[in-house]
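Read through the structure below, which is laid out as structure tokens, and then see the notes.
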Amino acid sequence: MLAIRLVSEPTRLDTLVLPIRPEGSEGPAALVPTASPLADEVRAEATALLPVARLAGDAGEVWAQLRPAGTPSRLILLGVGAGDEHAWRSAGAALARAGKDETCITVALPVDGATALRGLVEGLLLGSYRFRLTEAGATPALAEVDVVVADPGALDATLATARATAEMTRLARDLTNTPSSTKNPAWFAGQVEAAAAAYPDLHLRVREPEELAAEGFGGILAVGGGSASGPRLVELDWRPADARTHVVLVGKGITFDTGGISIKPVPAMKLMRKDMAGAAAVVTATLGAAALRLPVRVTTLAPLAENMVSGSAFRPGDVIRHYGGLTSESTNSDAEGRLVLADAMAYAARELRPDLLVDLATLTGANAVALGKRHAALYSDNDQLATDLLTAVEAAGEHAWRMPLPADYVEYLGSEVADLHSSPDRGAGSVVAALYLREFTGDLRDRWVHVDMSAPSWSEDEHAELTRGATGWGVRGLLRWLATLG
Ligand code: BES
Ligand code: MN
Ligand code: ZN
């Protein structure tokens, strides 16, 4: 991964990157004043280049200029648009792509550099992300980036936050991209154990199938029952001494979703290795909270199971007894995510009794039908909590949209044979799933947020800091939000 250093003077003046702002009230597109003074001849040359290169200064525009006899020997003009964090994130990602054949580059930051630094670092680290299971093929040469700022010491914390945020997002992408032949529930739990070992204050408990049975986690056992790789429940606890707020995060961890006996058709199944993206996001956000020593207690639950077709698979029409005793009639084994989440949420509400409960899940295809590819669907009865999370998610460069929990649809959850019907075919797919989950929140009903992130968990194209494949959606937003809770 890229090594990023803060420096007060450029030392390796091979390739210098200069930020360009667009035309505006201050005049035509121009160089942004940088923290470190530039040689007059470099400034003059960059200024002369702007109209020739037809650079508008939009975020992510890149122009590379060779200077055979000069120092620096290459100049990269980088559009930074409005100059806010989002624009710098796009610019950083564009720079990582355009500069992939450089080995070391130096970026001159604007005078007041904190916002730019956060965006630049996240953009560089996320835009340069690649998932490969083989060493074959070209790996980007770009290994080192020096960032020139006025006072490196003053920006150390900003750099650390941006780096941890991006590293944890990359880890979530790795976990989600990993093929399910490798990624069974035990493997995922092992990855959490290995990552958590770096933080001695982080406590991990992994429940195996026997313990899940003894404690009554019937939803996780039903969904995991058809697989040769048994289910697990990961419980990861970051408990700093100075915490005043306790948050429980729950993430759907279906390591592969065939649909079960209600089997999916080929096109719908091909990407179902990503059905643990919620678990990946909450686990890595918790690792991030530990890495940044955020003063908030975070307990993360990841119910892990593989939804398979076999003689031991659960059946449509089965009645499932969840942790705590509520029962669900399940008529479609493809609505498996809510069954494992129900157990984990009931456990959180009854035993952990946190202040706030948030669950993330690749729960329904209906998320994308309603909101398209980039927005998660966010549900809560608590306006303040919903606003706080939406604000954090957007500030982090992710997108979510609030959806309703209509009282009218609650009756659809009725069942003749159980407390609840888990997948009524009335209402709307993502909405009734949220209403179903709410039944397991107990006393936390008004302090709960559900996020259906099926759509933004994956990207079909390269788009700013997103690369093709898993996006790591949720890690950045959760870390922003957790940082406000101290
Ligand atoms: N994992 C899927 C949802 C999904 C679909 C995630 C597409 C990402 C992309 C989930 O388990 C599922 O199959 N949901 C069903 C629910 C239905 C059976 C009530 C769906 O959305 O069709
Ligand atoms: Mn399913
Ligand atoms: Zn699923």
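Every number for a ligand or one of its atoms is a count from 1 in the order of the listing.
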Minimum-distance N/O/S atom that Asp257 presents toward the Zn ion (ligand 3):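 Minimum-distance N/O/S atom of Asp257 relative to the Zn ion (ligand 3) is OD2.
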Atom nearest to the Zn ion (ligand 3) - Glu336, N, O or S atoms considered: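 So the atom name we want here is OE2.
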Apex the Zn ion (ligand 3); atoms Lys252 NZ and Asp275 OD2; angle rounded to 10 degrees: 100°
Enumerated ligand 1 atoms positioned under 4.0 Å from heavy atoms of Lys264: 2 (C), 12 (C), 13 (O)
Sub-4.0 Å atoms of ligand 1 with respect to non-hydrogen atoms of Glu336: 11 (O)
Flag the pair [X] and [Y] as a salt bridge only when some basic side-chain nitrogen lies within less than 4.0 angstrom of an acidic carboxylate oxygen.
| X | Y | answer |
| --- | --- | --- |
| Glu460 | Arg468 | no |
| Arg402 | Asp383 | yes |
| Asp275 | Lys252 | yes |
| Arg97 | Glu462 | yes |
| Arg232 | Glu211 | no |
| Glu465 | Arg476 | yes |

[atom]: nearest protein contact (heavy atom, Å):
| atom | result |
| --- | --- |
| atom 20 (C) of ligand 1 | Gly365 N, 3.9 Å |
| atom 9 (C) of ligand 1 | Met272 CE, 3.6 Å |
| atom 10 (C) of ligand 1 | Leu363 O, 3.3 Å |
| atom 8 (C) of ligand 1 | Lys274 CE, 3.4 Å |
| atom 16 (C) of ligand 1 | Arg338 NH2, 3.8 Å |
| atom 2 (C) of ligand 1 | Asp257 OD2, 3.6 Å |

Geometric class of the Tyr323/Tyr347 ring pair [parallel <30°, tilted 30-60°, perpendicular >60°]: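 Perpendicular, since the angle between the ring planes exceeds 60°.
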N or O contact, Ser454 vs ligand 1, cut-off under 3.5 Å: no
Asp275-ligand 1 polar pair, N/O distance under 3.5 Å: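 N/O-N/O distance below 3.5 Å exists for this pair.
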Quick one: does ligand 1 sit under 4.0 Å from the side chain of [X], the backbone, both or neither, non-hydrogen atoms only?
| X | value |
| --- | --- |
| Asp334 | both |
| Asn332 | side chain |
| Lys252 | side chain |

Report yes if some heavy atom in the side chain of [X] is under 4.5 Å from a heavy atom in the side chain of [Y]; otherwise report no.
| X | Y | value |
| --- | --- | --- |
| Trp458 | Thr362 | no |
| Leu304 | Asn184 | no |
| Ser227 | Ser310 | no |

Contact check: Asp334 to the Zn ion (ligand 3), N/O/S below 2.8 Å: no
Closest approach to the Mn ion (ligand 2) by Asp257, given as the N, O or S atom name: OD2
Inter-residue atom distance Met308.CE - Glu336.CD, 0.5 Å rounding: 12.5 Å
Distance in Å, Leu339 CG paired with Asp318 CG, rounded so as to fall on 0.5 Å steps: 10.0 Å
Candidate list Thr299, Thr300, Asp237, test side chain to side chain donor-acceptor pair (under 3.5 Å), partner Thr286, passing option: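 When side chain to side chain donor-acceptor pair (under 3.5 Å) is applied between Thr286 and each of Thr299, Thr300, Asp237, only Thr300 qualifies.
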Atom 14 (N) of ligand 1 touched by protein heavy atom at under 4.0 Å: yes
Where the Mn ion (ligand 2) is the vertex, angle from Asp334 OD1 to Glu336 OE1 to 10°: 120°
Heteroatom test (N, O or S) for Asp275 near the Mn ion (ligand 2), limit 2.8 Å: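 Short answer: no, not a single N, O or S atom is under the cut-off.
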